[in-house]
Amino acid sequence: MFGESLTEALPMLDIKYLRDHLDTVRENLARQKSTADFSVFSTLESRRRELLGASEQLKAEKNRVSALIGKTKDKSQVRGEIERMKEVSNEIKHLDDDLKQVEDELQAFLLNLPNLTEESCPPGEGEADNVEVRRWGTPKSFDFTPRPHWELGENLGILDFERAGKLTGARFALYRGAGARLERALINFMLDLHTQEHGYTEIIPPFLVNRETMTGTGQLPKFEADLFHTDDPDYFLIPTAEVPLTNIHRGEILAADELPRYFTAYTPCFRKEAGSYGKDVRGLIRLHQFNKVELVKYCLPEDSGTELEKLLANAEEVLKRLGLPYRVMDLCRGDIGFSAARTFDIEVWLPGQGAYREISSCSNCRDFQARRANIRFRRSPQEKPEFVHALNGSGLAVGRTLVAVLENGQQADGSVVIPEALRPYMNGMEKIEKQ
RNA sequence: GGAGAGGUGGCCGAGAGGCCGAAGGCGCUCGCCUGCUAAGCGAGUGUACGGGUAACACUGUACCGAGGGUUCGAAUCCCUCCCUCUCCGCCA
């Protein structure tokens, strides 16, 4: 229905902007981990313009002469023109073939460039350079050694990694009884909060999406290896609900009064976690399939900064209500993801690990995804369309929240006290005990 | 999965090789008119990329589901794919 082909998709960075501000872009990207070679870009771009100009000139000629031929009743008078146009058509074909090749290369280059990061981002190369902006809550002190959630969960009979491994393989989990109920309670609690108090519209999107959708948010073409894929048809399992939610209005032009739009969705998420061998091999922290409640916004360009703060606050509210201590990290340039211009992570306190661990990532992608997915708006009916700004954040990763509930609520006897906010969703249950 | 019918502008809907970026209607925008948020009248009304301008004007190219082909010339003909609808089968 909105069937734009992949090659027509707009580049992630404005090609004109790139042409005119090559040094700014190069400098910005150099501060991240990008190794893009901009000399190819300049070569390809000037070649493209050359070919395009030549082709369009010939097409103008062809259109003009063909119209003339059409008006001439006696075709014998235009024999020569017809013959000449055969050659012109041929030339056009060759030019267009070359042009197509150049454009494909240019497109591939552009689609593999990450977003520019905001000037206000902390400098740095990786996780160690992220800046803590605030803490909430005080980690509880235990008069016993707090256990990791996998121990608690297995002892309580609510988590079963062994059998999940039998059913599928490593990095899958099976929840049982109160464990399954707790996961479901968390999902409902989060969705109710965001829809009833934070103004989000709940969505249940497809969990399988096509290539265009994956390209729109930036997973493709660069990160195909991280995605689960189906061969027939050519679909991908979503690694986050951000993908379908942000693509909802792909190829559309919205009215300004439709903005901002807030979407939330619970979905399972599927990730190959390639290259993470040996990391977080136990428990629920890093799985091939996990549950997440996602928050996505479209807004006016001038509002995306404050919208990010609000979105972050919406995610933090979940932890506040559950009484789980956390801190907020301002990600440095080198640690920010491919599509984001600015990112704040929320890290929850996990007593079993004695560390803060990521439970949410909230990003402002500005017009990067809107450009790739061609999502625009019009300020008024007579004005030109502009790209929206798109934001996303976890609100929250459900499995990791369950980990935090277990580890923070654990008692000396191995039972777990359920946070009060969750009890209405647990049929009043106050404590999980061995089943 | 089998059989058939279709996909045209924001929407409805004509067009069946050249005069078609595309009739007509609806909607929308601007103006007029009418002493009551109705009706009427007139004009305008897609997107992208390029040239041009102080800015308009103007102008070139492309786009009638997508991709390829035939032709001097394709919304119109041919091929492939996608999607929608109807009937049958199957199923939650």
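Numbered from 1 within each chain, the chains take letters A, B, ... in sequence-line order.
A donor atom on one side chain and an acceptor atom on the other are found under 3.5 Å apart for R261(A) and H249(A).
Within residues 71-82 of chain A, the residues approached by RNA chain B to less than 4.0 Å at the level of any non-hydrogen atom are K75(A), I82(A), in residue-number order.
Among pairs with a residue in residues 155-183 of chain A, those fulfilling salt bridge (charged side-chain N to carboxylate O under 4.0 Å, His left out) read D160(A)-R163(A), D160(A)-R176(A), at least two apart in sequence or across chains. Among residue pairs with one or both ends in residues 264-274 of chain A, those qualifying as salt bridge (charged side-chain N to carboxylate O under 4.0 Å, His left out) are E273(A)-R286(A); sequence neighbours excluded. Among residue pairs with one or both ends in residues 160-180 of chain A, those qualifying as ring-ring contact (aromatic ring centres under 6.0 Å, His included) are F172(A)-H288(A); sequence neighbours excluded. Sorted by first then second residue, the ring-ring contact (aromatic ring centres under 6.0 Å, His included) pairs that include residues 40-74 of chain A, not counting sequence neighbours, are F41(A)-F109(A).
Atoms CG (D96(A)) and C1' (C49(B)) sit 14 Å apart, rounded to a whole Å. As rounded to whole Å, 18 Å separates atom P of G65(B) from atom CD of E212(A). If you take CD1 of I92(A) and P of C72(B), they are 13 Å apart, rounded to a whole angstrom. Per the geometry, CZ belonging to R371(A) stands 17 Å off P belonging to U47(B), to the nearest Å. Distance L51(A) CG to G50(B) P: 16 Å, rounded to the nearest Å. Rounded to a whole Å, the CG atom of L110(A) is 14 Å from the P atom of C49(B). Look at CG on N210(A): it is 12 Å from C1' on C83(B), rounded to the nearest Å. In this structure, CZ of R211(A) is placed 16 Å from C1' of A66(B), rounded to the nearest angstrom.
Among C72(B), U47(B), C49(B), the nucleotide with an atom closest to any side-chain atom of I69(A) is C72(B). If you check U47(B), C72(B), C83(B) against the side chain of Y235(A), the one that comes closest is C83(B).
Rounded to whole Å, the separation between the P atoms of G31(B) and G17(B) comes to 45 Å. To the nearest whole angstrom, the two P atoms, one in C19(B) and one in A62(B), are 13 Å apart. The P atoms of U84(B) and G73(B) are separated by 35 Å, rounded to the nearest whole Å. Comparing the C1' positions of A3(B) and G44(B) gives a spacing of 48 Å, expressed to the nearest Å. Here, U45(B) and A39(B) have their P atoms 23 Å apart, quoted to the whole Å. Between G52(B) and A57(B), the two C1' atoms lie 10 Å apart (nearest whole Å). Between the P atoms of C30(B) and G68(B), the separation comes to 41 Å (whole Å). Nucleotides A92(B) and A16(B) place their P atoms 49 Å apart, quoted to the nearest Å.
Two residues, I253(A) and E61(A), neighbour RNA chain B, and the one matched to the more 5' nucleotide by heavy-atom proximity is I253(A).
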Strand RNA chain B in bracket notation, Watson-Crick/G-U under 3.5 Å with | for pairs to another chain: ((((((((.[[[..)..(.....]]]((((((.......))))))((((((......)))))).[[[[[..)....]]]]])))))))....

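Across every non-hydrogen atom of L156(A) and G414(A), the tightest pair is CD2-O, 3.5 Å.
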Protein and nucleotides 57-60 of chain B: nitrogen or oxygen contacts under 3.5 angstrom:
unit_1: G60(B); atom_1: N2; unit_2: E56(A); atom_2: OE1; d: 3.2

Using a cutoff of under 3.5 Å, can you pull out all pairs of nitrogen or oxygen atoms linking the protein to nucleotides 73-77 of chain B, with atom names and distances?
unit_1: G73(B); atom_1: OP1; unit_2: S89(A); atom_2: OG; d: 2.7
unit_1: G73(B); atom_1: O4'; unit_2: S66(A); atom_2: OG; d: 3.3

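Evaluation of the side chain to side chain contact (heavy atoms under 4.5 Å, CB included) rule for D257(A) yields A255(A) as partners, not counting sequence neighbours. Legend: residues meeting side chain to side chain contact (heavy atoms under 4.5 Å, CB included) with L44(A), ordered by chain and number and at least two apart, are V102(A), E105(A), L106(A). Every residue was checked against the ring pair (Phe, Tyr, Trp, His ring centres under 6.0 Å) condition with F207(A), not counting sequence neighbours, and none meets it.
Under a 4.0 Å N-O distance rule, the pair E81(A)/K75(A) does not qualify as a salt bridge.
The phosphate of G10(B) (OP1 or OP2) has no side-chain N or O of R378(A) nearer than 4.0 angstrom. The phosphate of U70(B) has OP1 or OP2 within less than 4.0 Å of a side-chain N or O from K93(A).
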Check against ring-ring contact (aromatic ring centres under 6.0 Å, His included), F290(A) and F270(A): CA-CA 7 Å; F290(A) 63 96; F270(A) 303 91; 8.6 Å; no

Would you check, one step at a time, whether the test side-chain contact (heavy atoms from CB on, under 4.5 Å) holds for K310(A) with K297(A)? CA-CA 11 Å; K310(A) 284 164 70 181; K297(A) 292 181 174 186; 3.7 Å; yes

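A side-chain contact (heavy atoms from CB on, under 4.5 Å) with F236(A) is found for exactly one of L220(A), L208(A), T230(A), namely L220(A).
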Solution key, residues 84-93 of chain A side-chain donor-acceptor pairs under 3.5 Å, sequence neighbours excluded:
unit_1: R84(A); atom_1: NH1; unit_2: E61(A); atom_2: OE2; d: 2.8
unit_1: S89(A); atom_1: OG; unit_2: M85(A); atom_2: O; d: 3.4

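Aromatic ring orientation, H198(A) versus H194(A): tilted (interplanar angle from 30° to 60°).
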